[in-house]
A.B. asks: 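Input: one structure, supplied below.
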Protein chains: 2
Amino acid sequence: MFRVNRQTDYAVRVVLALSKMPRGTRVPTSEIGREMLIPPSLLQRIVAELASGGFIKTQPGRDGGISLAHLPSEITLLQVVEQFEGSLVISDCILKEGDCPFESKCPVSCQWKRLNDLLRNEMERTTFEQLLEDGKQIEASMEFPASTPLKVVVSEPILSLTDSVNA
Amino acid sequence: MFRVNRQTDYAVRVVLALSKMPRGTRVPTSEIGREMLIPPSLLQRIVAELASGGFIKTQPGRDGGISLAHLPSEITLLQVVEQFEGSLVISDCILKEGDCPFESKCPVSCQWKRLNDLLRNEMERTTFEQLLEDGKQIEASMEFPASTPLKVVVSEPILSLTDSVNA
DNA sequence: TAGTTTGTCACGTCATTATATGACAAATAT
DNA sequence: ATATTTGTCATATAATGACGTGACAAACTA
């Protein structure tokens with residue numbers, strides 16, 4: 001129906017959450033899941049996919065977790081989206097295998113391609129550093145910077161970064 | 001998976017096919033189906049949907065068929081797409097019913113919305129008259145204007161416009 | 001130091017639901 | 001008669017999510 005998968009949206013939020021943290025911070029995925037309200041079973045797959053795409057580093061074992069493999073400024077929205085949606089194509093030709101009788105002569109295909117390129121370019125220009133700044137601006141534009149944490153749990157130690165900061 | 005439905009693509013092609021014909025031309029849907037290689041069962045629904053959207057006029061019975069209800073210059077790509085894809089939304093908030101704790105404060109949603117608007121605007125600017133011209137340009141850019149009709153059936157009377165032109 | 005515990009990721013399977021695509025048939029209008 | 005109209009059904013694919021088992025590494029304990 002012309003929309004990005006929920007999984008992809010989740011993935012973007014995972015990367016964004018990691019981008020918010022100080023460089024090299026490592027957190028258990030369950031932490032991210034709680035913060036971003038992602039069902040654990042999905043999160044497993046998302047983390048695996050992000051790792052195989054080289055976006056994050058994973059560390060098994062006790063006090064393990066995930067951390068960002070690159071600077072937020074080095075990761076584009078397009079990269080993450082394509083990792084999860086496959087190579088972004090709004091509409092390949094209706095007929096499979098290039099045996100479409102209209103082929104490139106078809107103004108409809110051309111339109112789809114044009115729109116496709118538009119999206120791709122825009123997403124390629126968008127880094128997670130920008131998303132971070134957008135987030136800051138949004139927060140700043142509200143009277144009370146963080147008046148109500150909006151149900152975010154405070155009653156427990158959210159992060160337990162013992163030595164992971166200077167690792 | 002982030003692509004337009006086949007049905008939508010078909011629909012666009014139907015409108016385009018009608019746009020190519022002289023104003024007011026009426027053809028049976030089966031004719032369009034053969035020309036555009038659309039499975040009849042799907043075409044039924046597409047035609048119904050196009051009619052209910054006011055894009056085409058239908059005429060049941062003998063010598064009946066469908067015809068364009070507006071000038072090609074008055075129909076935009078967005079109108080047709082939204083009729084079939086619903087109101088174009090790349091990603092509504094993950095949580096249903098607006099109870100997302102992040103809401104408009106979320107830079108991710110903002111991005112989706114931005115990309116969404118980009119697509120919408122572009123499609124709104126694209127009329128079927130433009131598609132027609134694109135098609136002509138494509139044809140003109142080939143050495144032999146219509147050298148090989150590319151498997152298009154010629155062995156039968158493609159159109160049977162008896163009196164439908166001056167209707 | 002050696003062994004155990006614990007909290008984490010890794011991977012595979014299954015169930016449920018939603019959607020897309022298409023065939024078919026009965027009804028209706030001209 | 002010949003089209004459109006409308007509704008039902010079947011099938012395939014994909015998305016979403018739950019579970020369970022195993023691998024792994026750090027921390028703890030004796």
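Residue numbers begin at 1 in each chain, while the letters A, B, ... track the order of the sequences. Nothing here was measured: the structure is a model prediction, and the numbers come from that model.
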A.B. asks: Looking at B/E31 and B/P28, would you say the former's side chain and the latter's main chain have a donor-acceptor pair under 3.5 Å?
C.D. replies: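 Checking the backbone N and O of B/P28 against the side chain of B/E31, no donor-acceptor pair under 3.5 Å is found.
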A.B. asks: Could you state the CZ-P distance from A/R3 to C/dA18, rounded to the nearest angstrom?
C.D. replies: 14 Å
A.B. asks: Which letters describe nucleotides 17-22 of chain D, given B = protein heavy atom under 4.0 Å from base, S = only from sugar-phosphate, - = neither?
C.D. replies: BBBB--
A.B. asks: Whole Å only: how far is the CZ atom of A/F84 from the C1' atom of D/dA15?
C.D. replies: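 In whole Å, D/dA15 C1' lies 14 Å from A/F84 CZ.
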A.B. asks: Would you list the pairs meeting salt bridge (Lys or Arg N to Asp or Glu O under 4.0 Å) in which at least one residue belongs to residues 115-125 of chain A, sequence neighbours left out?
C.D. replies: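 Qualifying pairs, neighbours excluded: A/E82-A/R120, A/K113-A/D117, A/E122-A/R125, A/E122-B/R114.
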A.B. asks: Just to verify, what does A/T76 make a side-chain hydrogen bond (donor to acceptor under 3.5 Å, both in side chains) with, not counting sequence neighbours?
C.D. replies: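 None.
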A.B. asks: If I take atom CD in residue B/E49 and atom P in nucleotide D/dG7, what distance separates them, rounded to the nearest angstrom?
C.D. replies: 13 Å
A.B. asks: Tell me the interatomic distance from A/D63, atom CG, to D/dC24, atom P, rounded to whole angstroms.
C.D. replies: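 Taking CG of A/D63 and P of D/dC24, I get 19 Å after rounding.
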A.B. asks: Under the 3.5 angstrom rule, does the side chain of A/H70 hit a backbone N or O of A/G54 as a donor-acceptor pair?
C.D. replies: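 Pair found, side chain donor or acceptor close to backbone of A/G54.
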A.B. asks: Rounded to whole Å, please give me the gap between CD in A/E85 and C1' in D/dA14.
C.D. replies: 12 Å
A.B. asks: Just wondering, do B/L18 and B/T25 contact through their side chains at under 4.5 Å, heavy atoms?
C.D. replies: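 They are not in side-chain contact.
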A.B. asks: For B/F128 and B/L68, what are the C-alpha separation, side-chain angles and deciding distance, and is it a side chain to side chain contact (heavy atoms under 4.5 Å, CB included)?
C.D. replies: CA-CA 11 Å; B/F128 278 84; B/L68 216 52; over 6 Å; no
A.B. asks: Please determine which of B/R6, B/R13, B/Q7 meets the side-chain hydrogen bond (donor to acceptor under 3.5 Å, both in side chains) test together with B/D9.
C.D. replies: B/R13
A.B. asks: Quick one: list whatever passes side-chain hydrogen bond (donor to acceptor under 3.5 Å, both in side chains) with B/T8, sequence neighbours left out.
C.D. replies: B/E85
A.B. asks: Do any pairs count as a salt bridge (Lys or Arg N to Asp or Glu O under 4.0 Å) and have a residue in residues 40-57 of chain B, sequence neighbours left out, and if so which ones?
C.D. replies: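 Salt bridge (Lys or Arg N to Asp or Glu O under 4.0 Å) check on residues 40-57 of chain B returns no pairs.
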A.B. asks: Could you state the CG-P distance from B/L43 to D/dT6, rounded to the nearest angstrom?
C.D. replies: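 Whole-Å distance recorded here is 15 Å.
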A.B. asks: Round to a whole Å and report the spacing from CZ of A/R26 to C1' of D/dA25.
C.D. replies: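 After rounding, the reported distance stands at 10 Å.
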A.B. asks: In whole angstrom, what separates B/L50's CG from D/dT5's C1'?
C.D. replies: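 Atom CG in B/L50 sits about 14 Å away from atom C1' in D/dT5.
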A.B. asks: Which of residues 53-60 of chain A sit near DNA chain D, with a heavy atom under 4.0 Å from it?
C.D. replies: A/Q59, A/P60
A.B. asks: Choosing from D/dT16, D/dA3, D/dT2, which nucleotide comes nearest the side chain of B/R62?
C.D. replies: D/dT2
